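Reminder, nothing fancy here: chain letters follow the sequence lines and each chain counts from 1. For clarity, every value in this text was computed on a predicted model and none was experimentally measured. Values below: every heavy atom of this structure, side chains too, minus hydrogens, waters and symmetry copies.
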Number of protein chains: 2
Amino acid sequence: MASRNMTQAAFFVLTALADQPRHGYGILREVEELSGGDVQLRVGTLYGVLDRLTADGLIAPDREEVHDGRLRRYYRVTDDGTRALAAEAERMAAGASAARQRIAEGRKAPAQPVNPAANPSTGPGLAGGMA
Amino acid sequence: MASRNMTQAAFFVLTALADQPRHGYGILREVEELSGGDVQLRVGTLYGVLDRLTADGLIAPDREEVHDGRLRRYYRVTDDGTRALAAEAERMAAGASAARQRIAEGRKAPAQPVNPAANPSTGPGLAGGMA
DNA sequence: GCGCTATATATCGGAAGGCGAGATATCATG
DNA sequence: CATGATATCTCGCCTTCCGATATATAGCGC
């Protein structure tokens, strides 16, 4: 929804490919596993994402193998893709951190109307505090 | 793109409202500020999000005020909204953490073809190591 | 052999969501 | 009086999501 943002689906595909090349079906299972089941990337979503990421140069076809008569088409992350993923991870961590902080702040004064001078850019750039 | 996921736009609107009630235009500026300019929520996006979040019971109209002859329509987060935001923040932090970890893992063996026995569910449930 | 599940690819079309553009209105600045 | 900031909201195009569907191989139970 904003300038240099990538979709959730794209983010998880890149994450699944970040450590090693995988094929479509493998990405599907990997995303589900690495998110603890929280994220279920759908088949119908996958190929569109794969096409877009390829067109954007963030991933590239790696190789094709045949296992038990079934074709596997592998993709790998490009350098640009790794950079984009890292940047997006920072943005997400920052957003998550900002959300947590604000929830805590909101709980301090739940019934409070507005509270003047409450917005002196507390923790300006967010930029998360984990890792 | 998956089960209980909310959109990026919804996430940032909830985050902007987390500490105190705000009106539409205020949300717009707040999202931009709290993200350091990374996220620009568009006017055309805002009202759709506001309607959906209201319909889902995650936010609610708070009050209306007039400043300098201009109407301000305030919204606040409901308890459900705070819970949903907190959950989403956890998911995002976990995803960001997983991405970072995998980028690091991928760099260990960049030229490696596949590496056998590389997938024994290394670092199984992510669930990040922050907070 | 037959049906079912898992693995594996890919496409289609409807629905949901994002966003540029425009309409409307007040106030301040130049 | 024009421009820009503040403030609301709608319309329609386009992108993205995803359920359904099609196709094909291998393995298991019956």
Measure the distance from [atom1] on [X] to [atom2] on [N] and round it to the nearest whole Å.
{"X": "Leu50(B)", "N": "dC19(C)", "atom1": "CG", "atom2": "P", "answer": "15 Å"}
{"X": "Met6(B)", "N": "dT16(D)", "atom1": "CE", "atom2": "P", "answer": "22 Å"}
{"X": "Gln8(A)", "N": "dC18(D)", "atom1": "CD", "atom2": "P", "answer": "10 Å"}
{"X": "His67(B)", "N": "dT26(C)", "atom1": "NE2", "atom2": "P", "answer": "17 Å"}
{"X": "Ile27(A)", "N": "dA8(C)", "atom1": "CD1", "atom2": "P", "answer": "12 Å"}
{"X": "Glu30(A)", "N": "dT7(C)", "atom1": "CD", "atom2": "C1'", "answer": "16 Å"}
{"X": "Leu41(B)", "N": "dG18(C)", "atom1": "CG", "atom2": "P", "answer": "9 Å"}
{"X": "Arg22(B)", "N": "dT8(D)", "atom1": "CZ", "atom2": "P", "answer": "13 Å"}

- Item | side-chain contact (heavy atoms from CB on, under 4.5 Å) between Leu50(B) and Ile27(B), worked out | CA-CA 10 Å; Leu50(B) 248 23; Ile27(B) 295 173; 4.2 Å; yes

Would you please confirm or rule out a distance under 4.0 Å between OP1 or OP2 of [N] and any side-chain N or O of [X]?
{"X": "Tyr25(B)", "N": "dT8(D)", "value": "no"}
{"X": "Thr7(B)", "N": "dG18(C)", "value": "yes"}
{"X": "Arg29(B)", "N": "dA7(D)", "value": "yes"}

- Message: Return whichever of Leu28(B) or Arg52(A) has its heavy-atom-nearest nucleotide of DNA chain D closer to the 5' end.
- Response: Leu28(B)

- Message: Need to verify one output field. Residue with the more 5' nearest nucleotide on DNA chain D, Arg73(B) or Gly44(A)?
- Response: Arg73(B)

- Query: Could you state the interatomic distance from CZ (Arg76(A)) to CG (Asp19(A)), rounded to the nearest 0.5 Å?
  - Reply: 15.0 Å

- Query: Do Phe12(A) and Val49(A) have side-chain heavy atoms sitting under 4.5 Å apart?
  - Reply: no

- Message: Are Met6(A) and Leu14(A) packed together at the side-chain level, in the sense that at least one heavy-atom pair is separated by less than 4.5 angstrom?
- Response: yes

- Begin from the C-alpha positions of Glu88(A) and Arg91(A) and carry the test salt bridge (charged side-chain N to carboxylate O under 4.0 Å, His left out) through to its verdict. CA-CA 5 Å; Glu88(A) 183 68 15; Arg91(A) 251 172 271 136; 2.3 Å; yes

- Task: Just compare dG20(C), dT10(D), dC17(D) and give me whichever is closest to any side-chain atom of Arg42(B).
- Result: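 Looking only at side-chain atoms, Arg42(B) lies closest to dG20(C).
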
- State which of dC18(D), dA7(D), dT9(C) makes the closest approach to the side chain of Thr45(A).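 Among dC18(D), dA7(D), dT9(C), the one nearest the side chain of Thr45(A) is dC18(D).
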
- Task: Measure across Val77(B) and Ala18(B) and return the closest heavy-atom pair with its distance rounded to 0.1 Å.
- Result: CG2-N, 3.9 Å

Protein-nucleotides 21-25 of chain D N/O pairs closer than 3.5 Å?
residue : atom : partner  : partner atom : Å
dT25(D) : O2   : Arg70(A) : NE           : 3.1

- Determine the contact category for Gly48(A): base if any of its heavy atoms lies under 4.0 Å from a base atom, sugar-phosphate if only primed atoms, P, OP1 or OP2 are that close, otherwise nothing. nothing

- Using atom types as modelled and distance alone, determine if a side-chain donor or acceptor of Thr54(A) lies under 3.5 Å from a backbone N or O of Ala60(A). no

